[in-house]
Protein chains: 2
Amino acid sequence: MADASHNAPVVILNEPQLAENIGAVGRVMANFGLSELRLVRPRDGWPQERAWASASGADWPLNGARVFASVSEAIADLKLVYATTARPRELQLPVITPRAAAGDLAAAAARGDRVGLLFGGERAGLETADIALCSAVVTIPIDPRFRSLNLAQSVAINAYEWRMTVAADAPPPAFRPGDPPADQAALLGFYEHLERELDAAGFFHPPEKTPNMTQNLRSALGRARFTDQEVRTLRGVITALSRGRGKVLEKIARRKAEDEA
Amino acid sequence: MADASHNAPVVILNEPQLAENIGAVGRVMANFGLSELRLVRPRDGWPQERAWASASGADWPLNGARVFASVSEAIADLKLVYATTARPRELQLPVITPRAAAGDLAAAAARGDRVGLLFGGERAGLETADIALCSAVVTIPIDPRFRSLNLAQSVAINAYEWRMTVAADAPPPAFRPGDPPADQAALLGFYEHLERELDAAGFFHPPEKTPNMTQNLRSALGRARFTDQEVRTLRGVITALSRGRGKVLEKIARRKAEDEA
């Protein structure tokens, strides 16, 4: 799927109304590696400064945006186009999730096909005639109690699923950054240190419960999968907490020696 | 998983700046079946009319929003909280995708645990100290060439993954059987107890490193997701390790009194 990321879906907005929303769409496209934006009859014309203002620096999808007079012209060069809409339609088209759509689009893109996602404007959504030009309907699983999804959010979720699909091969940025867990020998040294000090402090009572208590402590602490550095720090914690006792014992011994001298 | 959908994650926004963004967050929460919103130190105070204006009728998350003075107070009653941030941090916390996070949260919610997602404000994001209170970092797979993701988009993608998880009929991902984790208030009490005793023992040196050292300890121990019983046991451990010191001090005082008598 390595090629698919260089062949990301074109985003087509049908009759978008607010320039701010077009800018927000440009921004989420940039967030998820999409770059080609097409506008069908934008209500207030194009370009509009407010779009750039709301794109927060994601200028390139807006700079390259092209305007079309109809959906059919806007998608003419594309091989596979899915229509994103929440409304049930009477068309006999497959209705799929954004996740399934991303899989289909990525497979086509990996073959070299140009692909696209069509979105309706804020008010009117998509006409049945325009949906009929597409190969499937993509429906985001909205809560039926509140269906009004913002245009840029709809693009964001589809773009996110695209990126999840094509970026899945590549190692994600930082899965559990940092150090591996300490080995069992280091862990055991830590547990024994802790248990020695607890025993000295009279923690284990009654004594016959000691094995059970140590097991419970070990399994609770073990779940954290401490790193070597963390084990060293925690041994420092045990020493610090119990050290006072040692120091005071030394002091008693010293004092006793002085008394006896 | 029928129950999980009635126990959706609480959304916590740390220091949100723009009322419009808070409203947009309320709207996407409603889109995906989330309803409980908490605000930590909203910059311009709360309530603000512009939030309702940008929620497009999704009033209930805003109507019920509660304001808190700190992240720790805002998450005190929650059992599992994940921090959403794009930035790599030095904490040793698991870094997971929104999809994996939704699986974890749904499994906990299905058990009856209250769960939450913590989001940083538009400018500052999240402080390391606040992330350290969470059990994992959720990172959206953003294109590294354009990382600036709008706050409401970040909530939308996580809320969408939540809904995809609980709305699907798929069995929940495997989770650790047994007792649920302690809530954040119990954990915080444990951390503060430990830190108090460590401070008394002179563990934190040089003093300027204290915040960093406490964060590292909290994030290391937090990964274990201790149960209530384990937290009680560990507080017993701290008391036992530091008590010796007190007992011996008492002994010294008693001895001194005897010497002087």
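None of the values given here were measured: they were computed from a predicted structure. Chain letters run A, B, ... following the sequence lines, proteins first, then strands; residues in each count from 1.
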Which residue out of [options] racks up the most heavy-atom pairs below 4.5 Å with chain A?
| options | result |
| --- | --- |
| B:Asn150, B:Asn216, B:Leu194, B:Thr233 | B:Asn150 |
| B:Ala30, B:Ala156, B:Ala159, B:Gly202 | B:Ala30 |
| B:Gly236, B:Ser56, B:Ala220 | B:Ala220 |

| query | Can you tell me how far CZ of A:Arg145 sits from OG of B:Ser35, rounded to the nearest 0.5 angstrom? | reply |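 Rounded to the nearest 0.5 Å, the OG-CZ separation comes to 8.0 Å.
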Can any side-chain N or O of [X] pair as donor or acceptor with the backbone N or O of [Y] at less than 3.5 Å?
| X | Y | value |
| --- | --- | --- |
| A:Arg99 | B:Met164 | no |
| B:Arg163 | A:Pro141 | yes |
| A:Asn31 | B:Ser148 | yes |

Quick one, [X] and [Y] - any side-chain contact, counting heavy atoms below 4.5 Å?
| X | Y | result |
| --- | --- | --- |
| A:Arg27 | B:Phe146 | yes |
| B:Tyr160 | A:Gln153 | no |
| A:Phe32 | B:Leu149 | yes |
| B:Leu221 | A:Phe226 | yes |
| B:Leu234 | A:Leu217 | yes |

| request: Please flag which part of B:Ala100 lies under 4.5 Å from any non-hydrogen atom of chain A: side chain, backbone, both or neither. | output: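 For B:Ala100, there is no contact with chain A at all, as no heavy atom is under 4.5 Å.
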| B:Glu161 vs A:Glu161, side-chain contact (heavy atoms from CB on, under 4.5 Å): CA-CA, chis, key distance, verdict | CA-CA 10 Å; B:Glu161 285 286 9; A:Glu161 285 287 8; 4.2 Å; yes
| Which atom pair, heavy atoms only, marks the closest approach of A:Ala240 to B:Leu198? |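 Closest approach of A:Ala240 to B:Leu198: CB-CD2, 4.0 Å.
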| message | side-chain contact (heavy atoms from CB on, under 4.5 Å), that's the test. Do B:Leu241 and A:Val237 meet it? Break it down for me. | response | CA-CA 10 Å; B:Leu241 291 179; A:Val237 163; over 6 Å; no
